[in-house]
Amino acid sequence: MAVIQNVKGMRDHLPTDMMLRQYIVSTLTRISEAHGFEPLQTPIIEYAETLEGKLGEDEKLIYRFEDHGGRRLALRYDQTVPLARVTAQYAGQLTLPWRRYAYGPSYRGERPARGRYREFYQFDIDIVGSASPLADAEIVAMLCEALSALGFPDFVTLLNHRQIIGGIARVSGLSEEAAGGVYRAIDKFDKIGVAGVRNELLKAGVDTGAADRILELVQIDGSADEVLAALAQRLADDERAIAAIANLRSILDGLAAMGVPTDQYRVAPRLARGLSYYTGVVFEAITPHWPEGSLLGGGRYDDLIGLFAGRNIPTVGLAFGIDRLHDVMLELNLGPRPRTTAVAYVTLFSGDYVAASLALAAELRAAGIHTLIALEPGNLGKQFKEADRRGVRFALVLGPDELARDEVVVKDLQRGEQRSLPRAAVAGLLAEALTEGK
């Protein structure tokens, strides 16, 4: 007999979980479209060479295989590289700057852990074809807007710039080639702490003095203005780092102009982001209620699309991990937790009134009310209990007396209240209850 279980690192999502996940996706879709972003969908399978050489050390996590024709294929690792491929492939059909959002699964052959899976869903937003710091600011503002809309408490978005980290490495005496090891070590800061990062730097060949200078600089803390001022003073001899600091100042000015609360973001020199394709600003959202790492993150990657297009196309974006958001929202009891998609449950009084009840259900659905209908006529008490078990708030009864008066009995199962209403008023009552969020 076959073992009945999931593949490790891949999950089933039963109806209650799916309703929360769909709430997250619908919220992100609404915010994206309010900012003028357009939807994109790409296949979950790409040619292996499309993904290879784009992900640095993470390339070992790609799921690769051959099809029946011997072609080397791979499962989608994320939605960023497919975006780069699409931008190059359909260059003549796209108007830049292009604001795009995309939702779907990706796959990584890594060790499953809390909040980390082999199959996971992401909702990406990107602005393709703009080097403006306003594009970076808009993406970060949307991140903050989305987490606020989903009800996340006490989150903060950390911002940094890859050239600030590069400058820290350079003023500490490291070569340009050695800076890559600094990115990888600093990226682990929140997981392994100061001592752990110091050991990582030493193992990468960084001498003791340089490692201590790097650690001192990445731990600069304070308000955004204080951190940038301190960095500007310490990195004054590195032209690229000074340009990166100016770029971050422009992004912060954009966030302030967009009305993003200042307690929702700060500059953190220790933030690196592990993916090798980032070239400019990088950012992550964190909350003390999720100690396992960041909620989500992103950054600017100005060179990746050029690998496909043959010309530089600056781009900035982020990925919302739906699985991680879902898990954290469950733990924090955030978002609506309905047990069903329906608001109304139409009972069947008896076999003689099935047609009338079906007609009532059709009327309610036509009015936009999600409606369940009983499948067997009979005991109304049992039907009320079924509706309540399913989490439906209103049970409706249409019997001979109600038909004669052109009325419907509406039973509020949450409040234990019952009343008769004119049939024409029922949809309005239910719609009002939905609007009020009762």
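Across all non-hydrogen atoms, the minimal contact from Y117 to D327 is OH-OD2, 2.6 Å. Closest of all the heavy-atom pairs between R273 and G297 is NH2-C, 3.5 Å. What you find for I373 and L358 is that their closest heavy atoms are CD1-CD2, 3.4 Å.
Under the 4.5 Å side-chain criterion, counting only non-hydrogen atoms from C-beta, L255 is in contact with Y265. In this structure, the side chains of F152 and L334 come closer than 4.5 Å at one or more pairs of heavy atoms. By the 4.5 Å heavy-atom criterion applied to side chains, V140 and V260 are not counted as neighbours. For the pair I313 and Y301, the minimum side-chain heavy-atom distance is 4.5 Å or more. When side chains are defined from C-beta on, L295 counts as touching L147, because their heavy atoms get closer than 4.5 Å. With a 4.5 Å cut-off on side-chain heavy atoms, E284 and L271 count as touching. L364 places a side-chain heavy atom less than 4.5 Å from the side chain of V346. The closest side-chain heavy-atom distance from I139 to F283 is below 4.5 Å.
Within 6.0 Å of atom CD in E376, 12 or fewer heavy atoms from other residues, nucleotides or ligands are found, so the atom counts as exposed in its surroundings. Within a 6.0 Å radius of CZ in R249, more than 12 heavy atoms belonging to other residues, nucleotides or ligands are found. Within a 6.0 Å sphere centred on CZ of F65, other residues, nucleotides and ligands contribute more than 12 heavy atoms. For E49, the CD atom sits in a loose shell: 12 or fewer heavy atoms of surrounding residues, nucleotides or ligands are nearer than 6.0 Å. Heavy atoms from other residues, nucleotides or ligands lying under 6.0 Å from CD of E66 number more than 12.
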Determine whether V218 and I214 satisfy the following criterion, side chain to side chain contact (heavy atoms under 4.5 Å, CB included), listing intermediate values before the conclusion. CA-CA 6 Å; V218 300; I214 290 169; 4.3 Å; yes
Checking side-chain hydrogen bond (donor to acceptor under 3.5 Å, both in side chains) for the pair Y278/D303: CA distance, chi angles, key distance, verdict? CA-CA 8 Å; Y278 288 124; D303 299 334; over 6 Å; no
Stepwise, does the side chain to side chain contact (heavy atoms under 4.5 Å, CB included) test hold for Q264 with S148? CA-CA 10 Å; Q264 292 185 355; S148 296; 3.3 Å; yes
Let me see the working for K203 and E200 under salt bridge (charged side-chain N to carboxylate O under 4.0 Å, His left out), right down to the final yes or no. CA-CA 5 Å; K203 284 194 293 185; E200 289 284 324; 3.6 Å; yes
So I62 and L75, side chain to side chain contact (heavy atoms under 4.5 Å, CB included) or not? Walk me through it. CA-CA 7 Å; I62 296 174; L75 295 180; over 6 Å; no
Side chain to side chain contact (heavy atoms under 4.5 Å, CB included) between L330 and D17, intermediate numbers included: CA-CA 9 Å; L330 277 180; D17 285 335; 4.0 Å; yes
Could you go through the side-chain hydrogen bond (donor to acceptor under 3.5 Å, both in side chains) check for E119 and S106 one step at a time? CA-CA 6 Å; E119 179 187 63; S106 296; over 6 Å; no
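Taking the six-membered ring where the residue is Trp, Y103 and F123 present tilted rings, their angle falling between 30° and 60°.
The existence of a salt bridge linking D302 and R300 is confirmed by a sub-4.0 Å separation between a basic side-chain nitrogen and an acidic carboxylate oxygen. Using a 4.0 Å cut-off between charged nitrogen and carboxylate oxygen, D323 and R11 count as a salt-bridge pair. Remark: E386 engages R390 in a salt bridge, criterion side-chain N to carboxylate O under 4.0 Å. Contact check on K60 versus E110 returns no salt bridge, with no Lys/Arg side-chain nitrogen under 4.0 Å from an Asp/Glu carboxylate oxygen.
Checked by atom type and distance alone, the side chain of R213 pairs as donor or acceptor with a backbone atom of S172 at under 3.5 Å. A donor-acceptor distance shorter than 3.5 angstrom exists from the side chain of Q79 to the backbone of Q122, with no hydrogens or angles considered. Distance alone, capped at 3.5 Å, is enough to place a donor-acceptor pair between the N160 side chain and the P269 backbone. Under the 3.5 Å distance criterion, the side-chain polar atoms of D78 are matched with a main-chain donor or acceptor of T80. A side-chain donor-acceptor contact under 3.5 Å links T29 to the backbone of V25. A side-chain donor-acceptor contact under 3.5 Å links N379 to the backbone of G381. Side chain of S250 to main chain of L248: no donor-acceptor pair is present (N/O by atom type, distance under 3.5 Å, no hydrogens or angles). Judged purely by atom type and a 3.5 angstrom limit, D412 has no side-chain atom pairing as donor or acceptor with the backbone of G416. Judged by distance alone, with hydrogens and angles left aside, the side-chain atoms of E363 form no donor-acceptor pair with the main-chain N or O of L360 at under 3.5 Å. Of the possible polar contacts, one joining the R324 side chain to the S294 backbone as a donor-acceptor pair under 3.5 Å is found.
Among E138, E38, H35, the one residue that satisfies the side chain to side chain donor-acceptor pair (under 3.5 Å) test with R99 is E138. None of R108, R64, K54 except one satisfies the salt bridge (charged side-chain N to carboxylate O under 4.0 Å, His left out) rule with E59; the exception is R64.
Residues Q163 and R170 bring a donor and an acceptor atom of their side chains to less than 3.5 Å of each other. A donor and an acceptor atom, one from each side chain of T42 and R76, are located under 3.5 Å apart.
Remark: R21 qualifies as a cation-pi partner of Y121 under the 6.0 Å distance and 45° angle criteria applied to the six-membered ring. For the pair K411 and F384, the cation-pi criterion (under 6.0 Å, within 45° of the ring axis) is fulfilled. Relative to the ring axis of Y107, R118 does not place its NZ or CZ within 45° and under 6.0 Å from the centre.
Remark: F320 CZ to L28 CG distance equals 5.0 Å, nearest 0.5 Å. Rounded to the nearest 0.5 angstrom, I24 CD1 and L325 CG are separated by 5.5 Å. Here CG of L348 is found 9.0 Å from CG of L380. Values are rounded to the nearest 0.5 Å.
In this structure, F37 has its ring center no closer than 6.0 Å to that of Y101.
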